[in-house]
Participant: 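Sharing a structure here in structure tokens format.
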Amino acid sequence: MAVDEVVTFPMMGGDGTCSYAHNSQFQRGTVDAAKELVREAIVNKLDVGSYGYDNSYTVRIADLGCSVGPNTFISVQNIIEALEFKFQNLSLPVPDFQVFFNDHTENDFNTLFRTLPPRKYYAAGVPGSFHGRLFPKSTLHVVNSFNAMHWLSKTPKVNMLEKSLEWNQGSIKCTRFMKGVHETFQAQFRSDFESILNARAEELVPGGLMVFSLITGPSGIPFADTVQGATYNFLGSCLWDLAKMGVISEEKARTFNVPAYFPYVEELESLIQRNGHFAMERMQQLDQPMRHKTFPAQFYLSHLRAVLEGLIGKHFGEELLENIFNHINTKEAEILSIHNGKLHKEIEVFVVLKRISKN
Ligand SMILES: C[S@@+](CC[C@H](N)C(=O)[O-])C[C@H]1O[C@@H](n2cnc3c(N)ncnc32)[C@H](O)[C@@H]1O
């Protein structure tokens, strides 16, 4: 399988009305739904027994794919509170905490650090891809990652992608639904996820934890029948409209793709088992409160924009962003029918992995 260049697609930076910081309440729902589970994992599963507890002891935490607050600050705070509780409960001195905020280099780290809340930890930024090594060997105690690891390291190249938006009896069909294309994205995810696990296995101390959420596809349901699949189709049809209106080129519309993959839970489980560096301490579906609610069309549209604006701007040119999103924003009825209809919703899964002793 040939691959093209590594893609980076930061969420919308800054703290303006279109920013990720103001349009990530949905993702916040995942962080909140996992709060107690994170606490349980830290309190019951993190090994602290084998380290020294002198005054120089530091617990290091990394948040991978942090974007810009507030969600990253909230999930880090949940970990810090759980760690404080754990050490106090063990009648051990509370150590220093150091938190590394990681994202692509193009992430808006300036806004991230400008908006850091009052905190009981030392903060540092670590730019770079979590698909590779980011930290020295055996230096991290807890790795945290919410709503991020479905992003691929690159868009896999398949010939069929040249027809990625196919004109078909008056409606756009996303080629992601075609078997060969789906399998190519699946293979890319498998390789990327393996790289994530291998890198973290090097960086975590034995007994250290990796806690993360991942959006997964409902078992046995084709991507085309899910909310996410329908959203891809929706996006494709908007881009096709814009091509017909002469705002963007057909060629550009045809070659646009979103480098993300939503694995089935069983797929995720078998990748973790095959990797072999981690004990699976927990894998469970999150009761994400935001998935039970209905919202006005503009809520969904602004969340979509905050996530995809960077990617769309890179592909079509930033000067076209306003035209593109002005058109997408007129499609209120369509986006509502996707979210309020009978399509299958994605399932958010929470996972706790413990680094097993290195040999
Ligand atoms: C939807 S945001 C999630 C932000 C935050 N964790 C939350 O839950 O709200 C996904 C983030 O993952 C980042 N990301 C995607 N691929 C990445 C990679 N390979 N390395 C580092 N960050 C990545 C994106 O830039 C983006 O900021």
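Every number for a ligand or one of its atoms is a count from 1 in the order of the listing. Owing to the predicted nature of the structure, the values given are computational and were not obtained by experimental measurement.
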Participant: Need the ligand 1 atom indices (1-based, order shown) with element for anything under 4.0 Å from a heavy-atom of N102.
Facilitator: 21 (C)
Participant: Would you check if there is a donor-acceptor pair between the side chains of D287 and H292 at a distance under 3.5 Å?
Facilitator: yes
Participant: Please work out which of N147, L64, D63, L134 has its closest non-hydrogen atom nearest to atom 1 (C) of ligand 1.
Facilitator: N147
Participant: Using only heavy-atom distances, determine whether the side chains of Q285 and E348 contain a donor-acceptor pair under 3.5 Å.
Facilitator: no
Participant: Nearest protein heavy atom to atom 11 (C) of ligand 1, by residue and atom, and its distance?
Facilitator: G65 O, 3.6 Å
Participant: Establish, for the pair R39 and F85, whether the NZ or CZ atom is under 6.0 angstrom from the six-membered ring centre and no further than 45 degrees off its axis.
Facilitator: yes
Participant: So if I count the atoms of ligand 1 from 1 in the order they appear, which ones are less than 4.0 Å from some heavy atom of Q27?
Facilitator: 9 (O)
Participant: Please verify the inter-ring angle class for Y121 with F101; under 30° counts as parallel, over 60° as perpendicular, anything in between as tilted.
Facilitator: tilted
Participant: Out of all atoms in ligand 1, which are within 4.0 Å of some heavy atom of G128? Include the element for each.
Facilitator: 20 (N), 21 (C)
Participant: Please confirm whether the backbone N or O of F130 pairs with a side-chain atom of R200, one donor and one acceptor, at under 3.5 Å?
Facilitator: yes
Participant: Using heavy atoms and a threshold below 4.0 Å, how should the contact between H104 and ligand 1 be classified: side chain, backbone, both, or neither?
Facilitator: both
Participant: Identify, by atom number and element, the atoms of ligand 1 in contact range of H131, meaning under 4.0 Å from any of its heavy atoms.
Facilitator: 19 (N)
Participant: Can you pull out the closest protein heavy atom to atom 19 (N) of ligand 1? Residue, atom name and distance to 0.1 Å, please.
Facilitator: S129 OG, 3.0 Å
Participant: Taking heavy atoms and a distance under 4.0 Å, where does S153 meet ligand 1: side chain, backbone, both or neither?
Facilitator: neither
Participant: Indicate the ring-plane relationship of F26 and F299, choosing parallel, tilted or perpendicular according to the 30° and 60° boundaries.
Facilitator: tilted
Participant: Is W151 close to ligand 1, meaning an N/O of one under 3.5 Å from an N/O of the other?
Facilitator: no
Participant: Would you say F130 and ligand 1 have an N/O pair spaced under 3.5 Å apart?
Facilitator: yes
Participant: Return a yes/no value for V307: is any of its N or O atoms, backbone included, closer than 3.5 angstrom to an N or O of ligand 1?
Facilitator: no
Participant: Would you check if there is a donor-acceptor pair between the side chains of T30 and Q288 at a distance under 3.5 Å?
Facilitator: yes
Participant: Regarding T72 and D63, do their side chains bring together a donor and an acceptor under 3.5 Å, going by distance alone?
Facilitator: yes
Participant: Just checking, is any N or O donor in the side chain of Q88 or E84 under 3.5 Å from an acceptor N or O on the other one?
Facilitator: no
Participant: If you measure every N/O of D103 against every N/O of ligand 1, is any gap under 3.5 Å?
Facilitator: yes
Participant: Looking only at distances, can you tell me whether any N or O atom of F146, backbone or side chain, sits closer than 3.5 Å to an N or O atom of ligand 1?
Facilitator: yes
Participant: Should you measure from each heavy atom of S67, which atoms of ligand 1 turn up under 4.0 Å away?
Facilitator: 4 (C), 27 (O)
Participant: Just need the protein heavy atom nearest to atom 3 (C) of ligand 1, so name the residue and atom and give the distance.
Facilitator: Y20 OH, 3.3 Å
Participant: Is there a donor in the side chain of Y264 and an acceptor in the side chain of Q186, or the other way round, less than 3.5 Å apart?
Facilitator: no
Participant: Considering the heavy atoms of N71, write down every atom of ligand 1 situated less than 4.0 Å from one of them.
Facilitator: 7 (C), 9 (O)
Participant: Do S153 and D192 meet the criterion of a side-chain donor-acceptor pair at a distance under 3.5 Å?
Facilitator: yes
